[in-house]
Amino acid sequence: MSESVSVPGGTIAYETSGTGPPVVLAHGMGDSRAAYRFVVPRLVAAGYQVVAVDLRGCGESSARWPSYSRTDIAGDLLAVIRHIDRGPAVLVGHSISGGAATIAAARDAGLVKGVIELSPFTRPQSVKLGDLRSKRYRTGVLQLLGAGLFGSVALWSRYLDHAYPGSKPADWTDRLARVKAMLAEPGRMRALRKMGLSAPTDAGAQLGNVRCPALIVQGSLDPDWVDPRAEGEAIVAAMPAGIGQLAVIEGAGHYPHDQYPEETVSLMLAFLQAHAHA
């Protein structure tokens with residue numbers, strides 16, 4: 001059952017499953033909490049209360065907001081954690097929500113006891129001319145730019161196909177159909193475009209202020225970076241010493257939790273067993 005919490009500017013929808021230490025899941029732009037459909041039952045079976053959130057502008061949350069920055073999203077996620085009133089949670093963020101998780105952890109250590117960032121955009125990005133020699137990276141960048149500039153659902157769908165190199169989920173056709181249907185709703189594509197224009201400088205500025213344990217998970221074939229491992233290493237290096245750790249899932253693209261849920265959840269459970277019960 002979908003629930004919601006009111007925050008300044010609208011409402012944030014979420015769904016709670018299971019019992020145990022709380023784990024809050026936040027998806028990436030142009031998506032919904034359905035992105036974690038393979039993750040939620042595995043975490044529930046392992047003994048966690050899972051709270052899957054629809055970001056502002058996405059899923060069942062309000063569509064139209066004044067802004068869609070990582071700082072905004074961090075505030076929404078902290079509001080959800082306060083609302084469920086189960087004490088500090090481990091916060092899982094994918095892509096733009098990885099940056100939001102960084103900010104949330106830095107802003108309120110009393111509510112966030114650990115962060116897991118999946119393919120996170122949590123550092124300022126720069127494109128070097130030599131980067132464009134990588135066809136995988138070049139193709140992804142052009143598709144993302146096209147989707148953002150023109151508000152094209154077709155280009156976003158092509159990017160998603162590219163961002164899942166190799167194996168696709170068994171329900172891939174249905175997944176794409178759900179994403180397209182959501183983006184056809186009034187205000188949803190605008191939210192995607194605004195998120196895409198939101199630079200991760202706010203998240204990067206908070207990396208040094210994170211005090212809780214952090215796990216960074218990258219896919220080795222993520223087209224959003226020329227070298228996904230190097231990006232993950234840079235994120236860990238920007239955190240205080242001993243705070244962060246990096247794991248790379250071989251063969252995964254930008255959506256490791258959807259493309260390789262067993263491997264991703266295995267990493268998550270090891271982290272949760274170490275840090276969620278303290």
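Predicted model only: the values in this text are computed from it and were never measured.
For the residue pair His277 and Leu272, the shortest heavy atom distance occurs at CD2-O, 3.4 Å. Considering every non-hydrogen atom in both Val5 and Tyr14, the closest pair reads N-CE2, 4.2 Å. For the residue pair Ala191 and Tyr68, the shortest heavy atom distance occurs at CB-CE2, 3.5 Å. Across Gly99 and Ala203, no two heavy atoms sit closer than the pair O-CB, 3.5 Å. Residues Leu43 and Leu25 approach most closely at CD1-CD2, 4.3 Å, considering heavy atoms. Gln206 approaches Ala106 most closely through the heavy-atom pair OE1-CB, 3.3 Å.
Note that CD of Glu185 is 15.5 Å distant from NZ of Lys180, once rounded to the nearest 0.5 Å. Interatomic distance, Ile12 CD1 to Leu77 CG, rounded to the nearest 0.5 Å: 8.0 Å. The CG atom of Leu145 lies 12.5 Å from the OG atom of Ser152; values are rounded to the nearest 0.5 Å. The structure places CG of Leu267 at 5.0 Å from CD1 of Ile249, a figure rounded to the nearest 0.5 Å. If you take CZ on Arg70 and CG on Asp72, they are separated by 11.0 Å, rounding to the nearest 0.5 Å. Rounding to the nearest 0.5 Å gives a distance of 5.5 Å between CD of Gln125 and CZ of Phe121.
Cluster annotation: Ile81 and Val92 are assigned to distinct hydrophobic clusters (Ile/Leu/Val/Met/Phe/Trp/Tyr, side-chain heavy-atom contacts under 4.5 Å, transitive). Under a hydrophobic-cluster definition in which Ile, Leu, Val, Met, Phe, Trp and Tyr are linked whenever side-chain heavy atoms come within less than 4.5 Å, directly or via other members, Leu183 and Met195 are assigned to the same cluster. Under a hydrophobic clustering in which Ile, Leu, Val, Met, Phe, Trp and Tyr are joined whenever their side-chain heavy atoms come within less than 4.5 Å, directly or via other members, Ile73 and Val51 fall into the same cluster. Val80 and Val115 end up in the same hydrophobic cluster when Ile, Leu, Val, Met, Phe, Trp and Tyr side chains are linked at under 4.5 Å. A chain of hydrophobic side-chain contacts below 4.5 Å, direct or via other Ile, Leu, Val, Met, Phe, Trp or Tyr residues, connects Val112 to Val7.
Glu15 is not listed as a side-chain neighbour of Asp54, based on a closest heavy-atom distance of 4.5 Å or more. Two residues are said to be in side-chain contact when any heavy atoms from C-beta on lie closer than 4.5 Å; Leu118 and Tyr36 meet this criterion. Looking at Arg211 and Pro240, their side chains come closer than 4.5 Å, going by heavy atoms from C-beta outward. At least one side-chain heavy atom of Leu207 sits less than 4.5 Å from a side-chain heavy atom of Thr122. Side-chain atoms of Ser220 and Val248, non-hydrogen and from C-beta on, do get closer than 4.5 Å to each other. Using a 4.5 Å cut-off on side-chain heavy atoms (C-beta onward), Leu149 and Leu155 make no contact.
Residue Asp258 is tested with Lys168, Arg33, Arg175 for a salt bridge (charged side-chain N to carboxylate O under 4.0 Å, His left out); the sole match is Arg175.
Under a 3.5 Å cut-off, the side chain of Ser97 and the backbone N or O of Ala100 do not form any donor-acceptor pair. A donor-acceptor pair under 3.5 Å is absent between the side-chain atoms of Asp171 and the main chain of Asp174, judged by distance alone. Under the 3.5 Å distance criterion, the side-chain polar atoms of Ser119 are matched with a main-chain donor or acceptor of His254. Between the side chain of Thr264 and the backbone N or O of Pro256, at least one donor-acceptor pair lies under 3.5 Å. Put simply, the side chain of Asp161 never gets that close to the backbone of Arg158: no donor and acceptor are under 3.5 Å apart. Of the possible donor and acceptor atoms, one in the side chain of Lys113 sits under 3.5 Å from a partner among the backbone N and O of Ala276. Gln259 places a side-chain N or O within 3.5 Å of a backbone atom of Ser167 that can act as its donor or acceptor partner. In this structure, the side chain of Ser32 engages the main chain of Ala34 through a donor-acceptor pair within 3.5 Å. Panel note: side chain Thr139, backbone Lys135; a donor-acceptor pair is recorded below 3.5 Å. Judged purely by atom type and a 3.5 angstrom limit, Arg188 uses its side chain to pair as donor or acceptor with the backbone of Gly57.
Side-chain contact, Thr102 with Glu117: a donor N or O sits under 3.5 Å from an acceptor N or O. Ser2 and Glu60 share a donor-acceptor pair across their side chains, judged by distance under 3.5 Å alone. There is no side-chain donor-acceptor pair under 3.5 Å between Arg229 and Gln218.
Aromatic ring centres of Trp156 and Phe150 lie farther apart than the 6.0 Å criterion allows. Annotation: Phe38 is not in aromatic contact with His257 [ring centroid separation under 6.0 Å not met].
By the 30° and 60° cut-offs, the orientation of the rings of Tyr255 relative to Tyr164 is parallel.
Using a cut-off of 4.0 Å between Lys/Arg side-chain N and Asp/Glu carboxylate O, Asp222 and Arg136 are scored as not salt-bridged.
Counting heavy atoms of neighbouring residues, nucleotides and ligands inside a 6.0 Å radius, atom CZ of Arg86 exceeds 12 of them.
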Stepwise side chain to side chain donor-acceptor pair (under 3.5 Å) check, Thr11 with Ser6: CA-CA 4 Å; Thr11 58; Ser6 295; over 6 Å; no

